[in-house]
Amino acid sequence: MLRHGSAVGADLPPDEAVTLGAVADPALRAALAAAADGDAAPARELLAETRLGAQWERRSACVSELAECALHSPGWLEDWLAKSPGDPDAVLVKADLCIQQAWEIRTGSRARHVSEDQFRAFFALLEDAAPVIAAAAELNPTDPVPWEVALTHSRGIQAPRDVFDAYWAKAVARAPHHYGCHATALQYLCDKWYGSHEEMFDFAERAAAGALPGSKLHALPLLAAVEYEVVSGGSTEDGPIDRARVEAAVTRAQALSGWYEHGDPEAAGFRNHLALMLIFAERWNEALDVFRAIGVHARELPWAYVGASRKEFLEFRLGVRMQVASQTPFFGRPPGPARPAPVPDVPAPRSLAIAAARPHEVAEAALMCGVSLRIAPAPSATGMSYVELVPDATPGRRASLSAGEGMLTAAADNFTTGEKWPALVVRRTADRCGFTLFHKGRARASHLWDPAAPVIDHAEATATAQALAAVFPGVDPRPLVTLLRGTNSPAQRQSDLVAALGLPPLPDGFGERDEILQGSPGAQLLARRGVFKGIRDTMSTDLGTPALPVPRRRRWWVLRLVGLAILFPAAVYAWWSPDVSWYRTIVPTAATLYLALQLRKARAQRP
């Protein structure tokens, strides 16, 4: 694994380029950004285009994203409805918003973990949503999307089967191959809701059998397989579903993936499910190929079933790489991609670490990071440092195997281990900004501001803000929640958060060019070391060439000067006196030379 680990999957996009649930449609991104600023005009134009062009799949995605935007910034939708109460597009977004409001209160937890008050509010909001859904369907009779919303509504209100069947008939009468309606109906029919594993698989396989080539309906059996194996945990040798049906679902999804280009966001949803199922089947090489096809487009599901979505995606992807590497013969060649993967369309961000420690303390802690770092004192904050990665022409093996958010993040994980001070790693591209906070060798908090991604919910933002406040005492977490719950102006939000934490401001030009600390006053290079050299240097005060200034306390100087004053006469007397043994002569002499060399080196390193 150590031999091939750096080569396997080297063509995958870097971890920091991976996004979760990013919106690929440029028009929808513009509409979401405008809506967050209170302008409904782009959303109105976009939805009118999808309605007049009968672009039902696109319309479904746009309505869902805009409803989620209205969940956090409702003003633009309220103004739109006030001016045009009979607009079919505005009413449809309102209908989906009502459903999302209800589910936000209920949460996605199993029923046994939902309180009575939550259920009471949930059902009340769903009752209020019914006339809005009916109005949306009546205003645009040919539109299947209101019936997709109605299918979700039927699942929430525990509608009987005849009601569900009526809604389903209305949906397929308008769009027989609408993927969104089928995926929503699949949830109603699964075992954890109102159906069974057999009914769910029958429905999915029947829809896939009648689908056109390349249709995402061919992925429905795969969704059923994930529901069966991952969510319900019902996969056993004597389970109700034959293993051949699960394997056939995976095979069908692999064939469907071949219809789409690598990195196509349209295929990202089912490809993420496919990767997880291949991992469960221990088909590592095939899973790696699917990760290549996914590119930077991670999705919340299915990874949310096993943990934090983006974190699990990255960890599973790294695990697949290591599994493929471990199965490659030592003198063999690791398998390459089935076809060349395109260069990711999302540039890797530029990174900088802000450490709450002096440069020499950071340097001493970073001696064994396995990468080259440039460390500079923060000019406006005493006792703090900036740290950036310096690219190596021939990176070491540890650098190639670094996991997480890239080599600087892995280095921060390393050099904060065992230290009391934290380090905040900030990242920035043209339109996205993020950070990861490390304290005592652990990632305590992370966040990404992405205009193309949904706004995080209040609970997640509060947890992140509290984690930051726990590491930086005296910081009020409430303003941090406001900064975290927004996607507009990522760079400004990032800078404001750094200021709110009491950290020095980001250097001018950060995010615009590499090696931002080059030429910064007091900046020094900490060259990459091997393991054994790192251990040796950790035991000494030599931090490399050029060395970082290491200030010494007055007591350090006094103790060594006093020791030298005592040992030097003792050594001279031992050499002069014929009665002193050779052992008693060597000991004070060696101690005198050691102290003299320490003092000479420390004097040379003084700033």
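For the side-chain contact (heavy atoms from CB on, under 4.5 Å) test, residues two or more places apart in sequence or in another chain that qualify with D39 are A34, A41, P42. The side-chain contact (heavy atoms from CB on, under 4.5 Å) check on A67 picks up V93, D96, L97, Q100, with sequence neighbours excluded. Applying the side-chain contact (heavy atoms from CB on, under 4.5 Å) test to A61 and every residue at least two apart in sequence or in another chain returns nothing. By the side-chain hydrogen bond (donor to acceptor under 3.5 Å, both in side chains) test, Q55 pairs with R58, sequence neighbours left out. Remark: R478 engages D476 in a salt bridge (Lys or Arg N to Asp or Glu O under 4.0 Å) (not counting sequence neighbours). Every residue two or more places apart in sequence or in another chain that forms a side-chain contact (heavy atoms from CB on, under 4.5 Å) with E315 is listed here: K311, E312.
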Chi angles and distances behind the ring pair (Phe, Tyr, Trp, His ring centres under 6.0 Å) call for W193, F164: CA-CA 12 Å; W193 290 108; F164 167 80; over 10 Å; no
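Annotation: W103 is not in aromatic contact with H153 [ring centroid separation under 6.0 Å not met].
W168 and F203 have perpendicular rings, their planes meeting at more than 60° on a 0 to 90° scale where under 30° would count as parallel.
Remark: L92 CG to E148 CD distance equals 9.5 Å, nearest 0.5 Å. Of the inter-residue distances, the one linking M277 atom CE with Q254 atom CD reads 11.0 Å to the nearest 0.5 angstrom. From T152, atom OG1 reaches atom CH2 of W147 across 13.0 Å, with rounding to the nearest 0.5 Å.
R51 contributes no side-chain N or O that, together with a main-chain N or O of D143, makes up a donor-acceptor pair within less than 3.5 Å.
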